[in-house]
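Right, one structure below, let's go through it.
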Number of protein chains: 2
Amino acid sequence: MALKTCHTPASENLRAESKPKVTIAEVAQKAGVSPMTVSNVINNKPNVRPHMRQRVLDAIAATSYRVNPVARALAGGKSRMLSVITQQPHLPYVAEVLTGAAHEAQKQNYDLVVLMFGRRSQSDLAAISRLSAGALLIQPSRENLLGIADLPEHVVSVDGPGPRPLGVDNYGGACQAMQHLLSLGHTRIGFITGLQAAVYDQTPKHVLENYDYTYDHKDAPERLRAYRDCMKAAGLQIPHGYIQDSDYSRAAGERAAKRLLSLKDPPTAIFASCDAIAIGAIHVAQSRGLSVPQQLSVVGFDDFPVALQSHPTLTTVRQPLSEIGAAAVRLLVAMAEDWPQQEPQVFPTELVVRESTCRPT
Amino acid sequence: MALKTCHTPASENLRAESKPKVTIAEVAQKAGVSPMTVSNVINNKPNVRPHMRQRVLDAIAATSYRVNPVARALAGGKSRMLSVITQQPHLPYVAEVLTGAAHEAQKQNYDLVVLMFGRRSQSDLAAISRLSAGALLIQPSRENLLGIADLPEHVVSVDGPGPRPLGVDNYGGACQAMQHLLSLGHTRIGFITGLQAAVYDQTPKHVLENYDYTYDHKDAPERLRAYRDCMKAAGLQIPHGYIQDSDYSRAAGERAAKRLLSLKDPPTAIFASCDAIAIGAIHVAQSRGLSVPQQLSVVGFDDFPVALQSHPTLTTVRQPLSEIGAAAVRLLVAMAEDWPQQEPQVFPTELVVRESTCRPT
DNA sequence: TTGTATGCGTTATCAC
DNA sequence: GTGATAACGCATACAA
């Protein structure tokens, strides 16, 4: 007895206004000046008397004139637009950087466009890239970098190879996590790696077809190195099998966690290279009847929203991603406007202690 | 005893190549033809002999020429670029639509740019909009629509007012959820609304400053209407207080759930207008010692990733958002290429039964 | 301080 | 089938 389904009234056909196409020449005529003067007014050039300026401004308002940025770009003018180049703007990492960047851009009165560069993009995207005052690369791969022929003059990159890299101190952050576990008294600490070159082939084929996943970033190796160093500095041996490979996905994290917990002498704590892995590990542990954190402590890395959704909530290392996004935009604006600049390029992480860790029992 | 923090090696200064800036004229000269012929070759015009075409193609390859889309746009050429207009590309709803759109665009050999239109955007964004073959508005507000002066010729909008709206059957979807609860035997069913005009003022001020939240969409009212109709059709009265206002946030959802569960005769089931609200309701119930679903069944709407993260996993109504995104792109491409078109505009939802619902006890 | 001439790189139009 | 010419709308450089 299904109720009758009622559709939304739908289209009210709120059509866009017809293109006025008013040019600078018409404004000039209306104001009784030359097109050049109008241009000067638009671009806030100092060499125009207040009187004229006002007359032009009035004419602009009267005709509801708007500059044609295409023409402006072709003629060599500057734009107040920044392009963010990334393949998957919805990934948590990218999303956070993007959010920070968007906020800062708004403050600086710049616009943001997100260019989703695929494996074989049309040249149009390159044009937008050239149109913009600068580009912000988020997690670019090397292929990606080389594939984009027309980067604007100013480029910064977040978390990846490329010019003017911004990012967090992965080694230091991982040390924070390890020292938290060590100071709680853990000695049997397992580690699940992030994306290493070795697991590249495991990436599903249909993903590879659409995107560029060549991952030669430093984050995963740095976190692993910190794990080794911290264990060593604490005078601890790393038992065989205590380092399990994975990529940054939850599925791979679960597989790694299973291997870890199936060891003869399983760890009492796991340091996962990212939150997704950590959540997976918690899930695996719980489904084996282990209580977290009493019987297994878990630390993640990232502090993504999922860290708060999990039960128990996740102890993790926060990356200040939105701050990084904002800093990237500031840097870009500084370069575009020719300001003096001296921004930090490596950001500190912060250990966020929640419910997934405690002393070993 | 902090370990020495080691920074990533940082910049390898992988600079972009210097701009070649090779023009169509140079190619023409090298090929010994006129610029016009080169243009014809580039645009696959039929009126050029194979022989000539090959010569031009070779010249293009030799000079590694690439069209300047800015100039092309100024001259009135067509582009293979679609712009997605949205304010917050990272919201789950937008992200899913975007993902579907991106996939489809790649299939169709179109590029996607995401324009983050803010309250006061530069005109540059409008230019990009004009540069593109079509625009996909995701959850546009009416203000948003009016504010964007330069929409391209072809526009579709997903979930919101605007030309050529695409979206789900909110009424039908809500009926699915209600009938699931009713068929389980629930009679005391509470409802938590989505964003109604009434709660608009509760939106934090700093959010309002940056974004456009005027929400005159039909989704929330439609779901409420379905709730009322289903209750009525089942011969059930709606007790006082069984409809609680909220917006689409988890926080507001928790507040509403608290009110609901504090009633003298609390419901045995809650239908929440979205997953975030549902998750909040589950959390509130559990922290009051109620077990879900045994003592309280909860149904959401959306089927966002969080639906799987929650404990118990969430029964909810799935919106085929990525399909909608893909359909939107197909529609846009069809319009741009002047294909015959007859796409469906309202998509069916799907009830996904998971662990958060059961018979009342 | 204001106006004029010229060019940006491409496509449309319309001759040839 | 091919090519000369004229826009497209603005900014730079320079002249008035």
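Residue numbering restarts at 1 for every chain, and letters A, B, ... go by the order of the sequence lines. Below, all heavy atoms of this structure are taken into account, side chains as well, without hydrogens, waters or symmetry copies.
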Next item on the list: Could you state the atom-to-atom distance from CZ of B:R55 to C1' of D:dG3 in whole Å?
Entry: 14 Å

Next item on the list: Using the test side-chain hydrogen bond (donor to acceptor under 3.5 Å, both in side chains), find all partners of A:R55 that sit at least two apart in sequence or belong to another chain.
Entry: none

Check: Does the side chain of A:M335 come within less than 4.5 Å of A:L332's, by heavy atoms?
Finding: yes

Check: What is the distance, rounded to the nearest whole Å, between atom CD of B:E26 and atom P of C:dG9?
Finding: 9 Å

Notebook entry, point to check: Out of D:dG3, D:dT2, C:dT2, which nucleotide sits closest to the side chain of B:N47?
Noted result: D:dT2

Notebook entry, point to check: Can a side chain N or O of A:T37 be found less than 4.0 Å away from OP1 or OP2 on C:dG3?
Noted result: yes

Note to self: Once rounded to the nearest 0.5 Å, what's the spacing between atom CG of B:L74 and atom CG of A:L74?
What the structure shows: 5.0 Å

Check: Can any side-chain N or O of A:R80 pair as donor or acceptor with the backbone N or O of A:N109 at less than 3.5 Å?
Finding: yes

Checklist line | Those residues that, when tested against B:E323, pass side-chain hydrogen bond (donor to acceptor under 3.5 Å, both in side chains) (two or more places apart) | finding: B:R318

Next item on the list: Tell me, yes or no, whether the heavy-atom count around B:Q29 atom CD, taken from other residues, nucleotides or ligands under 6.0 Å, exceeds 12.
Entry: no

Notebook entry, point to check: Could you run down nucleotides 5-16 of chain D 5' to 3' and tag each one B, S or - for protein heavy-atom contact under 4.0 Å?
Noted result: ---BBBSBB---

